[in-house]
Enquirer: 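I have a structure I would like to understand better, so I am pasting it below and will then ask my questions one at a time.
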Amino acid sequence: MKILTGAQIRELDKYTIEHEPIASIDLMERSARAICNAICEQWTQSTPIVVFAGPGNNGGDALAMSRMLAEKGYVVDVFLFNIHNHLSEECAKNRDRIIGEGLVRKFTEITANFEPPQLTEKTLVVDGLFGSGLKEPLTGGFASLVKYINQSPSQVVSIDIPSGLMTESNRPQEEPAVVKANVTLTLHIKKLAMFFADCQQYLGEVRTLDIRLSKYFIDTFPSLYDTIETSYIKSLMLKRDDFAHKGSMGNALLIAGSRGMAGAAILASKACMRSGAGKVTALTPHCNLNIMQMAVPEAICLVDRENYYSEAIDTDCYQAVGIGPGLGKEESTALALMSQLQQTNCPIVLDADALNMLGAHGSWVQQLPNNMIMTPHPREFDRLAGRRITSDYDRLTFARDMARDLCAYIILKGHYSALCLPDGGVVFNTTGNSGMATAGSGDVLTGIITALLARGYSRKNACLMGMYLHGMAGDIAAKRVGKESLIASDIIDSLPEAFKNLEK
Ligand SMILES: NC(=O)C1=CN([C@@H]2O[C@H](COP(=O)(O)OP(=O)(O)OC[C@H]3O[C@@H](n4cnc5c(N)ncnc54)[C@H](O)[C@@H]3O)[C@@H](O)[C@H]2O)[C@H](O)CC1
Ligand SMILES: [K+]
């Protein structure tokens, strides 16, 4: 599903209104009905409801929804904030309807001072102050109102997006004036901010309400941001013909491990085998040889004479190379890494210490060959970028720029991992869970992507499938062992089921 910016959503509204066609006020009725129904599903008529409506169409939604809840017997108090004596046309119409119908218990239009109502733990607050039309962070009276709502013991539902949150870029503020919702009922399509970790504290549970906006517009309108669809991943699956043999199923090389970090090499190698590679070779220090051979008997081991990766090797016989898990930070490892990158022609995945070493030698990043695949978590990315980045939106923007400038594939890992492509596009993964925030999870992803590259998937498809399978295996594992106990090996053990799900 595409992710549209606030401006594009307004385009989508207009297109729907013109081409369905449907009057704007009727589209608002449709939104309000969807919001009303979602609230009725979760809160009974005995719940006192206090609605805060703003001057735009977010407020218009809130007013129309209030009328509908009152018609269903809910006790609703509505506060409409008309500070600048200017309401959107649809908001004004819904104010007149509320006043005309007289069904809500209390309707107050605030043009100046505001006596806040008492908000108890029984009250449901509906936040219809601002939606996708917010232009800058809230200040003054609105910021005080948001603070009052957040300090109350009430449950909060935000319409479309928590008021105070912009649909894309939200930079950290001293005193953030953003509603903390228990539930966000977003209209038709998730906004970009809903994919960022630093906005999760405001969103609560996000539910997307279908308001039948133009599918044609969404399908055809160019968007920078997209999400991975299961159907698309299934369509990518390569078949294994009956005459397959290990030589034709891809030969993957993993350069991983150092003294005391054999586990990273084991996890990456096992994940690689479990993800369909015909052969896996692990280049690892001699001190890890016995451990590797016992832990991953399926993998061939090449041995580096030192306790760490110290020299580049010939990679002409491999179809993919994964470098980084547990590699360590020796200077000779860094030199071997750059030499390996210069002489390797097949697709390469760079992760963990490989990324940290590149970041530590800042100028090397610009010297990277094209088409590198990099899988940094946020802090590894900041080191690569050589700067402290304070917002997820800014980090994504830097990653998009780096992917374009280096002609690279950058997976910014997180709850919604984002693949930044050389053409500037971004694709968010939607599988996975917080149980995967555990040591070794990244090593597993490196092994999976390296295997998919060795199997012959393109760099873009190997990244998309790798993120998707890694997250899906994590979801399967979480169901089996729970999120708290989940360890990286559980993700590997769940890869067979994840692949089988794709083969259905
Ligand atoms: N397709 C859909 O998703 C539909 C969404 N609907 C609802 O419409 C709003 C967006 O409405 P819009 O009028 O564009 O913007 P807002 O209601 O968010 O507010 C605009 C209003 O607020 C003022 N304003 C902006 N920034 C600030 C600020 N920092 N401080 C104070 N005031 C501010 C601005 O001047 C305007 O007056 C969307 O979220 C949905 O809820 C439609 O109802 C149906 C289709
Ligand atoms: K809102």
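In this text, all values refer to a predicted model and were calculated from it rather than measured experimentally. Remember, it's 1-based here, ligands and their atoms both numbered in the order they're listed.
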Enquirer: Enumerate the protein residues lying less than 4.0 Å from ligand 1, judged by heavy-atom distances, in chain and residue-number order.
Expert: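 Lining ligand 1 at under 4.0 Å, by heavy atoms, one finds Ile9, Asp13, Leu27, Met28, Ser31, Pro55, Gly56, Asn57, Asn58, Asp61, Phe130, Gly131, Ser132, Gly133, Leu134, Lys135, Glu136, Pro137, Leu138, Asp160, Leu187, Ile211, Leu213.
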Enquirer: For Ser275 versus Leu452, what's the shortest heavy-atom pair and its separation?
Expert: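 Scanning both residues, the minimum pair turns out to be O-CD2, 4.2 Å.
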Enquirer: Any N/O/S of Phe130 under 3.4 Å from the K ion (ligand 2)?
Expert: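 It does; at least one qualifying atom falls short of 3.4 Å.
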Enquirer: With under 30° as parallel and over 60° as perpendicular, where do the rings of Phe79 and Phe114 fit, or are they tilted in between?
Expert: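 Ring orientation of Phe79 relative to Phe114: perpendicular.
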Enquirer: Any N/O/S atom, side chain or main chain, of Leu129 closer to the K ion (ligand 2) than 3.4 Å?
Expert: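 Given the 3.4 Å cut-off, Leu129 does not count as a ligand of the K ion (ligand 2).
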Enquirer: Would one find an N, O or S atom of Ala62, in either backbone or side chain, under 3.4 Å from the K ion (ligand 2)?
Expert: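 Of the N, O and S atoms in Ala62, none lies under 3.4 Å from the K ion (ligand 2), which means no.
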Enquirer: For Arg395, is the CZ atom crowded, meaning more than 12 foreign heavy atoms sit under 6.0 Å from it?
Expert: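 More than 12 within 6.0 Å, yes.
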Enquirer: Taking the side chain from Asp490 and the backbone from Ile487, do they hold a donor-acceptor pair closer than 3.5 Å?
Expert: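 Looks like yes, one N/O pair under 3.5 Å.
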Enquirer: Counting backbone and side-chain atoms alike, is an N, O or S atom of Ser158 positioned under 3.4 Å from the K ion (ligand 2)?
Expert: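 False for Ser158.
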Enquirer: Verify whether the ring centers belonging to Phe221 and Tyr15 lie closer than 6.0 Å.
Expert: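 Phe221 vs Tyr15: aromatic centres not under 6.0 Å.
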Enquirer: Between side-chain atoms of residues 131-148 and protein atoms elsewhere (two or more places apart, or another chain), which donor-acceptor pairs fall under 3.5 Å?
Expert:
{"unit_1": "Ser144", "atom_1": "OG", "unit_2": "Gly140", "atom_2": "O", "d": "3.2"}
{"unit_1": "Tyr148", "atom_1": "OH", "unit_2": "Pro117", "atom_2": "O", "d": "2.3"}

Enquirer: Which label fits Phe428 and Phe195: parallel for a plane angle under 30°, tilted from 30 to 60°, or perpendicular past 60°?
Expert: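 Taking Phe195 first and then Phe428, their aromatic rings sit tilted (interplane angle of 30° to 60°).
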Enquirer: Can you check the angle at the K ion (ligand 2) formed by O of Ile161 and OG of Ser163? Round it to the nearest 10°.
Expert: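 Between O of Ile161 and OG of Ser163, the angle at the K ion (ligand 2) is about 100°.
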Enquirer: For the K ion (ligand 2), decide whether Asp127 has an N, O or S atom at a distance under 3.4 Å.
Expert: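 Short answer: yes, at least one N, O or S atom is under the cut-off.
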Enquirer: Whether the side chain of Asp127 engages the backbone of Phe52 through a donor-acceptor N/O pair (distance < 3.5 Å, no angle test) should be reported.
Expert: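 Side chain of Asp127 to backbone of Phe52, a donor-acceptor pair under 3.5 Å: no, none is there.
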Enquirer: With a sphere of 6.0 Å drawn around CD of Glu175, does it hold more than 12 non-hydrogen atoms of other residues, nucleotides or ligands?
Expert: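 At most 12 heavy atoms, drawn from other residues, nucleotides or ligands, come within 6.0 Å of this atom.
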